[in-house]
*Asks:* 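Following this message is one structure expressed as structure tokens.
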Amino acid sequence: LVPEVSYYLLVIAQIDFVYSRFLFPPLVLVCVLVGIAGAALFRQERIGVQIRVAIPCLVVFMSLGYAVAIDLELVYDSRYDAENWFRENVSTPSSVGAISHPQYLPRVQELGYATYPVEMDREAFTRPQPEYLVLTSYNYEDFDDGQRACMRDLVAGQLGYSPVVEFRGRFLGVGSTWLSLGGWGVPVPGKISPALTVLKRTVP
């Protein structure tokens, strides 16, 4: 436990954020501790053998299910669904605006659409804007109060756009699927399946 706690205090607590890869070193030590605890549990003859077997099996079952859910979410990322929707419903080279870093978006530029950056600011929407607009949760989760208020007006149709379709992850998050039960209540790791909203311009 000493290196585990030290790693947390000296690294994670200091930078005040954590990615999954940051936890790989301590996970090795966690596995050792879990193995020791599992062996100690199995030797407790005062506890019924059904319980001694059921608890480790439940941990393994939930862990494997969560791992499968992550793989499925990667394979069926919400951005793939958005790309398919654009292919089927929007002709090229229609203009598509984005309020996000490109790596978090559907690959609309590679699909042949003209792409433009758009600021989440009311004044920006007084100027000509693209025909479609893509909002992604990996961007608006970090909005300040002014940007959030602007986005509420945008989604409500007050800034010349109207939502036409939304895409979300299907395998991770509370209530999504029993496979991810082991990860319910924790943030979705990495940049998997952001919530996406596609809006279409309603004014000339």
Side-chain angles (χ1 to χ4, degrees), residues 1-85 87-88 100-107 134-143 148 165-198:
L1 286 176
V2 171
E4 292 281 344
V5 174
S6 300
Y7 181 83
Y8 175 80
L9 294 176
L10 296 176
V11 179
I12 305 301
Q14 300 304 315
I15 61 178
D16 200 29
F17 71 94
V18 60
Y19 291 133
S20 299
R21 61 180 178 271
F22 294 177
L23 301 178
F24 289 165
L27 277 177
V28 176
L29 301 178
V30 168
C31 289
V32 174
L33 294 175
V34 171
I36 293 173
L41 172 65
F42 200 74
R43 288 194 294 266
Q44 294 295 322
E45 296 182 356
R46 294 172 299 176
I47 302 175
V49 66
Q50 295 88 350
I51 297 177
R52 286 184 281 157
V53 172
I55 292 177
C57 287
L58 180 63
V59 171
V60 171
F61 176 78
M62 294 176 65
S63 299
L64 289 177
Y66 187 50
V68 170
I70 290 178
D71 286 344
L72 289 173
E73 198 72 88
L74 287 166
V75 173
Y76 299 101
D77 193 287
S78 60
R79 287 163 289 197
Y80 297 149
D81 294 333
E83 290 172 6
N84 291 332
W85 183 87
R87 289 191 189 97
E88 296 171 1
S100 174
H101 193 288
Q103 69 176 334
Y104 303 150
L105 289 179
R107 298 164 293 184
V134 179
L135 297 177
T136 172
S137 59
Y138 286 124
N139 185 248
Y140 60 67
E141 286 175 350
D142 296 326
F143 279 176
R148 290 183 182 278
V165 65
E166 293 185 355
F167 303 96
R168 296 183 178 275
R170 290 177 277 176
F171 300 97
L172 295 176
V174 177
S176 55
T177 173
W178 63 268
L179 284 172
S180 65
L181 180 62
W184 284 10
V186 300
V188 175
K191 296 292 185 285
I192 307 174
S193 279
L196 296 165
T197 302
V198 179

*Asks:* With a 3.5 Å distance limit and no angle check, can you tell me whether Thr177 reaches the backbone of Phe171 through a side-chain donor-acceptor pair?
*Replies:* no
*Asks:* Kindly check if the number of other-residue, nucleotide or ligand heavy atoms within 6.0 Å of CD (Gln44) is above 12?
*Replies:*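 Enclosed.
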*Asks:* For Phe22, what residues pass the side-chain contact (heavy atoms from CB on, under 4.5 Å) criterion, not counting sequence neighbours?
*Replies:*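 Partners of Phe22 by the side-chain contact (heavy atoms from CB on, under 4.5 Å) criterion, ordered by chain and then number, come out as Tyr7, Ile12, Ile15, Phe17, Val18, Tyr19.
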*Asks:* Quick one: side-chain contact (heavy atoms from CB on, under 4.5 Å) partners of Ser78, sequence neighbours excluded?
*Replies:*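 Scan of Ser78 (side-chain contact (heavy atoms from CB on, under 4.5 Å), adjacent residues dropped) gives Phe167, Ser193, Pro194, Leu196.
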*Asks:* Given side chain to side chain contact (heavy atoms under 4.5 Å, CB included), test Phe42 with Val53 step by step and report yes or no.
*Replies:* CA-CA 7 Å; Phe42 200 74; Val53 172; 3.8 Å; yes
*Asks:* If I compare all heavy atoms of Leu29 with all of Glu4, which pair ends up nearest, and what's the gap?
*Replies:* CB-OE2, 2.8 Å
*Asks:* How many angstroms lie between atom CZ of Phe61 and atom CG of Leu179, to the nearest 0.5 angstrom?
*Replies:*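 With rounding to 0.5 Å, CZ (Phe61) is 7.5 Å from CG (Leu179).
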*Asks:* Where do Arg52 and Leu41 come nearest, in terms of heavy atoms and distance?
*Replies:* CD-O, 3.2 Å
*Asks:* Step through the shown structure and confirm whether more than 12 heavy atoms of other residues, nucleotides or ligands are within 6.0 Å of CZ on Phe143.
*Replies:*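 Enclosed: over 12 neighbouring heavy atoms sit under 6.0 Å from CZ of Phe143.
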*Asks:* Taking it one step at a time, do Tyr8 and Val5 satisfy side chain to side chain contact (heavy atoms under 4.5 Å, CB included)?
*Replies:* CA-CA 5 Å; Tyr8 175 80; Val5 174; 5.7 Å; no
*Asks:* Closest heavy-atom contact between Gln14 and Leu9?
*Replies:*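 That closest heavy-atom pairing would be NE2-O, 3.0 Å.
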*Asks:* Checking side chain to side chain contact (heavy atoms under 4.5 Å, CB included) against Val34, which of Ile36, Val32, Val30 comes through?
*Replies:*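 With Val34 as partner, side chain to side chain contact (heavy atoms under 4.5 Å, CB included) holds for just one option, Val30.
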*Asks:* Quick check: closest heavy atoms across Arg170 and Glu73, and the distance to 0.1 Å?
*Replies:*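 Closest pair (atom of Arg170, atom of Glu73, distance): N-OE2, 3.1 Å.
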*Asks:* Given the rule in the side chain to side chain contact (heavy atoms under 4.5 Å, CB included) test, do Trp178 and Met62 qualify, once you have shown the distances and angles that lead to the verdict?
*Replies:* CA-CA 9 Å; Trp178 63 268; Met62 294 176 65; over 6 Å; no
*Asks:* What is the minimum heavy-atom distance between Val165 and Trp85, and which atoms define it?
*Replies:* CG1-CE2, 3.8 Å
*Asks:* Where is the tightest heavy-atom contact between Tyr138 and Ile192, given as atom of each residue plus distance?
*Replies:*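 For Tyr138 versus Ile192, the nearest heavy atoms are OH-O, 3.0 Å.
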